[in-house]
2 protein chains.
Amino acid sequence: MKNKAARLQSIREIIIHSRVKSQDEILQKLHEQGFDLTQATLSRDLKQLRIAKVPGSDGSYVYIMPEIGSVGKLMQEKMSENPQRQIPGGFISINFSGNLAVIKTRPGYAGSLAYDIDSNTPPEILGTIAGDDTVLVILQENINHQQAMLALSPFMPELHN
Amino acid sequence: MKNKAARLQSIREIIIHSRVKSQDEILQKLHEQGFDLTQATLSRDLKQLRIAKVPGSDGSYVYIMPEIGSVGKLMQEKMSENPQRQIPGGFISINFSGNLAVIKTRPGYAGSLAYDIDSNTPPEILGTIAGDDTVLVILQENINHQQAMLALSPFMPELHN
DNA sequence: GTCATGTTTGAATAATTATGCGGCAAATAT
DNA sequence: ATATTTGCCGCATAATTATTCAAACATGAC
């Protein structure tokens, strides 16, 4: 068809501007705009545009463009391409005190470690603050050290040896 | 069941560490780890964890963790309703744990927000520490979250909608 | 023109994912 | 203790999404 590019553009706009929760909804909007296509084609278009359906906080699902706020996602994909290759994180030690964890790293590594933790935000972790060689991790209330350790261990590959 | 929390944690780790492309694959890994569940339960778990399946660069699909924190997620969704509307102060989310509050901001905004809070020094607030996109607020002892929220809300106009 | 090659598509269907319903057990209330 | 609520889960199935296959069309070489 001669208007595939225009269609893809329209799909992008629909995704960005409205909150659609199924391909059929998108399809309907496209039909309203005069595009004539089936769900099969739409599925392929979405794949090409790398548009994803994610569970939303209201208990249903939403289609989103991964580029919006996506740095973490891309990173994660890169990482999972080579799951065995671990990025040496300069990790040295971790200790707990109350609702805090203190991670020591080699000088200069704290920021990147904190960034990795923040980008994945396990629900047990409220946030992090990094200096040069220390990351302070603030834990959710009622999270015990065991649980926190589980949540944090993915970011400290050195622990898995 | 007593092991749901552990299961969710395992799911998160599987998502982060390996490249899975269907629920059945995740299910298989979980079974290998000794968890006994069906696809139905896994689907519900993924929904709760807000894990999404996105089209990957290699032409297939990958499950990923969306990166933003709890309250932040709501904000982000709100924003996608009105994509043009900007966040004035860079505020994204606030959460409490014990005598701490963790405020997430857009990158670069943490410092100015912390400065605003510090320079007004409400008595409920002992002090703040800012990274790039996170402000750690240390609360007075015996201040509850409600009170702290009241003391902090003047600095987060976005909450007053 | 014919032929080969590649792209795009719909119909049908396969594959995958979400959910209504009922059961069960733990927690909470009476 | 008994009743009620609440959360979790499997089964079966609905709903949704991806893909196979064949066909239509375009493009460019010859």
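Residue numbers begin at 1 in each chain, while the letters A, B, ... track the order of the sequences.
Atom-to-atom, CG of B:Leu42 to C1' of D:dC9 comes out at 13 Å; the value is rounded to the nearest Å. To the nearest angstrom, P of C:dA11 lies 12 Å from CG of A:Leu27. In this structure, A:Leu46 atom CG and D:dT16 atom C1' are separated by 12 Å, rounded to whole Å. Atom CZ of B:Phe35 and atom P of D:dC8 are 15 Å apart (whole Å). Rounded to an integer number of Å, the gap from B:Lys21 NZ to C:dT17 C1' is 15 Å. Atom NZ in B:Lys47 sits about 15 Å away from atom P in D:dG7, given to the nearest Å. Counting to the nearest Å, the C1' atom of C:dT17 and the OH atom of A:Tyr61 are 8 Å from each other. Regarding A:Asp45, its CG atom lies at a distance of 11 Å from the P atom of D:dA18, rounded to whole Å.
The cationic atom of A:Lys53 (NZ for Lys, CZ for Arg) lies less than 6.0 Å from the six-membered ring centre of A:Tyr61 and within 45° of the ring axis.
Side-chain nitrogen and oxygen atoms of A:Gln39 include none within less than 4.0 Å of the OP1 or OP2 phosphate oxygen of C:dG10. The side chain of B:Tyr63 contributes no N or O atom lying less than 4.0 Å from OP1 or OP2 of C:dT16. Under 4.0 angstrom from either OP1 or OP2 of D:dT17 there lies no side-chain N or O belonging to A:Ser43. Of the side-chain N and O atoms in B:Thr41, one or more sit less than 4.0 angstrom from OP1 or OP2 of D:dG10. Taking 4.0 angstrom as the limit, A:Lys53 places none of its side-chain polar atoms (N or O) nearer than this to OP1 or OP2 of C:dT17.
Counting heavy-atom neighbours within 6.0 Å of A:Glu25 CD, excluding the residue itself, gives a total above 12.
Residue A:Ser22 has its side chain nearest to D:dT17 when only C:dG10, D:dT17, C:dT19 are considered.
Put simply, the side chain of B:Arg44 and the base of D:dG7 share no donor and acceptor less than 3.5 Å apart. No hydrogens or angles were tested; on distance alone, nothing pairs the side chain of A:Arg7 with the base of C:dT9 as donor and acceptor under 3.5 Å.
Exactly one of A:Arg7, A:Arg12, A:Gln23 qualifies for a side-chain hydrogen bond (donor to acceptor under 3.5 Å, both in side chains) with A:Asp45. That residue is A:Arg7.
In this structure, B:Leu37 reaches the sugar-phosphate backbone alone: every heavy-atom distance under 4.0 Å involves primed, P, OP1 or OP2 atoms, never a base. Looking at heavy-atom distances under 4.0 Å, B:Asp36 makes contact with sugar-phosphate atoms alone, never a base.
Positionally, the nearest nucleotide of DNA chain D for B:Ala40 lies more toward the 5' end than for the other of B:Ala40 and A:Gln23.
A 4.5 Å side-chain heavy-atom check between B:Ile129 and B:Val135 finds every atom pair outside the cut-off. Side-chain contact between A:Gln39 and A:Leu27 is present, with at least one heavy-atom pair separated by less than 4.5 Å.
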